[in-house]
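Read through the structure below, which is laid out as structure tokens, and then see the notes.
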Amino acid sequence: MELSKNYNPADIENKWYAHWLQKGYFKSTPDNREPFTIVIPPPNVTGVLHMGHTLNETVQDILIRKARMSGYNACWVPGSDHASIATEAKVVGMLKEKGIDKNNLSREEFLKYAFEWKEKYGDIIYSQLKKLGCSVDWNRTTFTMDDHYYNAVIKVFVDLYKKGLVYRGARMINWDPVATTALSDEEVEYKEITGKLYYIKYFVKRETSNVKEESSSHLSPLTSGDEFIVIATQRPETIMGDTAVCANPRDKRYSNLKGKSVLVPLINKRVPIIFDEYVDKDFGTGILKITPAHDINDYNIGLKHNLAIVDTLNEDGTLSEAAQIYVGEDRFVARKKIVEELKQKGHLVKEEEYQTRLGYSQRTNSVVEPKISTQWFVKMKELASPALQAVVDGEIKIHPGEKFLATYKYWLENVKDWCISRQLWWGQQIPAWYDEEGNLFVAESKEEAGKLYYEKNGIKSPPPGVVWRGLQDQDVLDTWFSSWLWPMEVFNGISQPNNDEINYYYPTQVLVTGQDIIFFWVARMIMAGMEYKKEKPFSDVYFTGMVRDKQGRKMSKQLGNSPDLLELIDKYGADAVRFGIMISSPAGNDLLFDEASLEQGRNFNNKIWNALKLIKLWEGRTKTVTSYQLPVTGYREPATGNFALTWFENRLNEVSIEIESLYKQFRLSEALKIIYSLIWDDFCSWYLEWVKPGFEQPIEESVYYKTVYFFEQLMQLLHPFMPFITEEVYHLLREQKEDLTVKQFSKLEKPQLTKDLKDSIEVTEISKQLIQKIRDFRNKKGIKKDKTISIYSEGSLQVDELNNRIKIVNAELKKLNIHGDLPDKGKILNIELVLIGTYKFYLDLGNIEETFQNILIKRKQQELTQELARLKDFLVSVEKKLSNERFVQKAKAEVIELERKKKADAEIKIKIIEESLSTI
RNA sequence: GGGAGCAUAGCUCAGUUGGUUUAGAGCAUCUGCCUUACAAGCAGAGGGUCCGCGGUUCGAACCCGUGUGCUCCCA
């Protein structure tokens, strides 16, 4: 069979994904194995996968594939989120392009468009997941607006309402004037900006306060002698909503104003001067305007002092009738105009810049308005405490822990009620109906609500044929009010409690998600799980960091630094993309995305491919030389390759054990690194070179099959990370009974090595180091590879054992003569002393010019003297340690033993170097 | 303003309970190689005030204190 020069992923990847699907490997149904369940963080239904998703999905796929190969019933549930605001905004935008205004549509018409949109674009993410190789159970695909899911959300809402945990009320909430909906606190992002503080004159009313309020038209023009105060504000466009001004009662500057009023500029509305400890004497002028409708602090002061609330803004952020002036103008346009007018009329004292924080809507990026509004809320305190407990007790483990535990704790301990109603159409409509008097009836259906209505009015059963005329609340629920049920309702755990599936799959094992949604989603899922299953939704949470570009900037469309996943897969292959993103992503740290790492992944594919090509070359020319089998009892040095098999088998075992432990700690990036190095360095650079027969020479059959076996093992280790190439290579190596995707890992045992095997491995390790020294020697001295070097080995090592290991087929190692003890130390000057551990070797330079020889000798003397000094210092420090009674008393036995060995080794080395110096 | 975390090679990061002689890896850099699987390759090398200062200890990259700088969360 002819294998291509380089590895070409495209066809191979598509072929295998189709094959896996056709075999149904990713399907899961409850059985008597232990389950390993992951629910995907559902991406927005109309979105595309970005690099953040790619990282998340890759991590999940690695974990689920590992579980599938380790005897678990692995179940990874895919799905998507209706993403209320985001999707509605997209649909509105799409309609606008078609020339359709949402306001001219009925709810039903709009939803029809929205569902069409969802049908059209909802599959994009799924096809991307397939391209990436995600082994999700496609039979379980769930959408947060599926019928059963919709019903579950309604059911939970009604249930929480009945428990008194959901309530309706007027509160100050965050209002998004672009999406024209309320938001939760979490949907507001604060940004530091340079704002302006305007200092505005408010004239003090001369009369005392018991005069009836006058309408502005009757006021006489202001005169220059009038007393005034100056108020600093960043929002001059809200002065029309002022209902008081306020100073600190201990502020002497304003104590004379007690009982007086001021006139609000431009509209000449009279408002009282009040006093409250809240006011900071040192901020601005020490006196504040109080605008209860447009600031949360003002609102609280307003409640305390019983002030009127004048809302001067419309829902879309334009000034309302209540503002009296600039009605219908946008708030920011109005601000400019009002500042201008204040300036003209002599009210503006000064403007100054200052740093402040402004809230922006997460979805529309518009400046959020604090607004008094009647909305639906969830009481969070009661739900929070079991959710807090589960994490504090370690029932749910967060990775990486230290970083997020504190954040999680703080949020839950200070949690505020959750505003869950949204003035949108795309989502679950709130199951509350109102009668003509505005009385509220919460039930899972209109029919049920009607019953409540009749009950309330003392009517046993409604007249036949009469349909109750209750009107349903127009709002929908926050997206997260549906996603917090995700780990339960993907198994119908809310709509059909205690069904077989939920009982089998819940709690899930790991949740893999971005740290940015710890409050939005993670904390709330735990709350919902504790409330409805009385059990945690998952055992471990793995937080991935944010994917940034290589300069550390966030990925964004504007910067154009957000690469297209499918293009990357086309260019490098899915395995390389997975490799690239995993190799540079320590858990929880931000990942600086660099295409260079994908290139590294592609090169790795190619390396594997070439190793395969090499082994395939040997396939037809195996021959039986000895009947070599592993494990051997009684180590003996065979003619070919045995030491390499022993050595590599041992490496494979060591690394497999290490990987297992890294998986347990979710240190996937480290696991991939050591597999990479095991394949590239240990397998390709050392092992294959050792067992490689000469050009067109036969290979011992047992070595060949063992090599194939090793390669299979390597492919299996790597499979969770790079599923496609590993499956392909696995099948190309030889006829296989099963696919790698479902091949089970064999149980790992720490190998019991006999002394002979241990010795063999040790000699191999020494030989590796000696080979490196020889190569270095050639490089540094510029000795061409066709020139023979003589090596003298002094001590216990067998020359023929070294010969086997060192004279491998690489050209630069062919020309070697390995001898025992150096015959005459005194006479041969052009030698290089090499110390490996306490083993001593001499590399012979051969004949060289006398002057050059002198230089070399001098340099060598210098080197050896330096090394000697270093060793002596070292010896002193070790001896000091060992002679210190407190050390000998306190330190552990192994540590002391180690120090003794260090001492002995150092003494030997000093002796060798001294000897060597004396002969030069 | 409150809280958390981080600082180790040019870059990105490992470094386990304080103890393995000279603190590791990948990438990048430099040098030499068309060696028969692989130039998407091979072989080798250089590169460190473990952020500064002080302390604890027989012993500190690691523990404690302090200063500086950066990041994130919350108000």
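Below, chains carry the letters A, B, ... as their sequence lines are ordered, and counting in each starts from 1.
Look at CG on A:Asn606: it is 9 Å from P on B:rA40, rounded to the nearest Å. The NZ atom of A:Lys5 sits 17 Å away from the P atom of B:rC34 (whole-angstrom rounding). Per the geometry, CD1 belonging to A:Ile699 stands 18 Å off P belonging to B:rU36, to the nearest Å. To the nearest angstrom, C1' of B:rA39 lies 11 Å from CG of A:Asn610. Rounded to whole Å, atom P of B:rG5 lies 10 Å from atom CG of A:Leu405. A straight line from CZ of A:Phe666 to C1' of B:rA14 spans 19 Å, rounded to a whole angstrom. For the pair A:Leu612 CG and B:rG41 C1', the computed distance is 17 Å after rounding to whole Å. Rounded to an integer number of Å, the gap from CG of A:Leu688 to C1' of B:rU35 is 15 Å.
Side-chain nitrogen and oxygen atoms of A:Arg602 include none within less than 4.0 Å of the OP1 or OP2 phosphate oxygen of B:rA40. At B:rG15, one or more side-chain N or O atoms of A:Arg667 fall inside 4.0 Å of OP1 or OP2 (strictly under the cut-off).
Nucleotides B:rG41 and B:rA28 are separated by 9 Å at their P atoms, to the nearest Å. Nucleotides B:rC33 and B:rG24 are separated by 30 Å at their P atoms, to the nearest Å. B:rG59 and B:rG47 have their P atoms separated by 30 Å, given to the nearest Å. When the C1' atom is used for both B:rA75 and B:rC11, the distance is 36 Å, rounded to whole Å. The gap from the C1' atom of B:rU22 to that of B:rG46 amounts to 15 Å, rounded to the nearest Å. Taking the P atom of each, B:rG55 and B:rA61 are spaced 15 Å apart, rounded to whole Å. Distance check on atom P: B:rC62 versus B:rG15 gives 15 Å, rounded to whole Å. Across the P atoms, B:rU16 and B:rA23 are found 16 Å apart, a figure rounded to whole Å.
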Under 3.5 Å, which N/O atoms of the protein pair with N/O atoms of nucleotides 19-23 of chain B?
from	atom 1	to	atom 2	distance (Å)
B:rG19	N2	A:Lys881	NZ	3.4
B:rU21	O4	A:Asp905	OD2	2.8
B:rU22	OP1	A:Arg870	NH1	3.2

List every contact pair, protein side and nucleotides 24-27 of chain B side both N or O, where the distance is under 3.5 Å.
from	atom 1	to	atom 2	distance (Å)
B:rG26	O2'	A:Gln600	NE2	3.3

Base versus backbone protein contacts along nucleotides 69-75 of chain B [heavy-atom cut-off under 4.0 Å; B, S, -] | ----SSB
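The 12-atom threshold is not exceeded at NZ of A:Lys911, counting heavy atoms of other residues, nucleotides or ligands nearer than 6.0 Å. Summarising the local packing, NZ of A:Lys773 is surrounded by 12 or fewer heavy atoms from other residues, nucleotides or ligands at distances under 6.0 Å.
Distance from the side chain of A:Asn603 is smallest to B:rG41 among B:rG41, B:rC38, B:rA14. In this structure, of B:rA37, B:rG41, B:rA45, it is B:rA45 that holds the atom nearest to the side chain of A:Asp776. Side-chain atoms of A:Lys613 lie closest to B:rA37 of the nucleotides B:rA37, B:rG15, B:rA43. Set against B:rA43, B:rU12, B:rC38, the side chain of A:Leu592 has B:rU12 as its closest nucleotide.
Between A:Trp686 and A:Trp690, the two ring planes are tilted [angle within 30° to 60°]. Classification of the A:Phe519-A:Trp411 ring pair by plane angle, with boundaries at 30° and 60°, yields parallel. Note on ring orientation: taking the six-membered ring where Trp is involved, the planes of A:Phe710 and A:Tyr687 are perpendicular (angle over 60°, cut-offs 30° and 60°).
Base-pair partner of B:rU20: not found among the strands shown (Watson-Crick or G-U wobble, both distances under 3.5 Å). Using N1 to N3 plus N6-O4 or O6-N4 for Watson-Crick, or N1-O2 and O6-N3 for G-U wobble, each under 3.5 Å, B:rG52 pairs with B:rU66. With both pairing distances under 3.5 Å, B:rA60 is matched to nothing as a Watson-Crick or G-U wobble pair. For B:rA9, there is no paired nucleotide, since no Watson-Crick or G-U wobble pair has both relevant distances below 3.5 Å. Pairing partner, B:rA4: B:rU71, with both Watson-Crick or wobble hydrogen-bond distances short of 3.5 Å. Under the Watson-Crick or G-U wobble criterion, with both distances below 3.5 Å, B:rC42 is paired with B:rG32.
Among the heavy atoms of the strands lying under 4.0 Å from A:Trp680 are primed sugar atoms or P, OP1, OP2 only; no base atom is included. No contact: A:Lys903 has no heavy atom under 4.0 Å from any strand.
The pair A:Arg734-A:Glu619 does not meet the salt-bridge criterion, since no charged nitrogen lies less than 4.0 angstrom from a carboxylate oxygen. Between A:Arg235 and A:Glu369, at least one side-chain N (NZ, or NE/NH1/NH2) sits under 4.0 Å from a carboxylate O, which counts as a salt bridge.
Between A:Gln772 and A:Cys684, it is A:Cys684 whose nearest contact on RNA chain B lies nearer the 5' terminus.
With respect to A:Met722, the side-chain contact (heavy atoms from CB on, under 4.5 Å) criterion is satisfied by exactly one of A:Ile62, A:Asp575, A:Val577: A:Asp575. The side chain to side chain donor-acceptor pair (under 3.5 Å) with A:Tyr572 is formed by just one residue from the set A:Gln600, A:Glu595, A:Glu567; it is A:Glu595.
If you check the side chains of A:Ser661 and A:Glu658, you find no donor sitting under 3.5 Å from an acceptor. A:Ser685 and A:Glu689 share no donor-acceptor pair across their side chains, judged by distance under 3.5 Å alone.
Counting distance only, with no hydrogens placed and no angle test, the side-chain atoms of A:Glu689 and the base atoms of B:rA37 include a donor-acceptor pair under 3.5 Å.
Looking at A:Arg578, its side chain does come within 3.5 Å of a backbone N or O of A:Phe721 through a donor-acceptor pair.
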Residues A:Glu670, A:Lys673; criterion salt bridge (Lys or Arg N to Asp or Glu O under 4.0 Å); working and verdict = CA-CA 5 Å; A:Glu670 276 93 336; A:Lys673 276 178 191 162; over 6 Å; no
Begin with the C-alpha distance, continue with both residues' side-chain angles, and end with the deciding distance and a verdict on side chain to side chain contact (heavy atoms under 4.5 Å, CB included) for A:Lys706 and A:Phe648.
-> CA-CA 10 Å; A:Lys706 202 68 193 180; A:Phe648 189 75; over 6 Å; no
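For A:Arg524 and A:Trp418, the positive end sits near the middle of the six-membered ring, less than 6.0 Å away and at most 45° from its axis.
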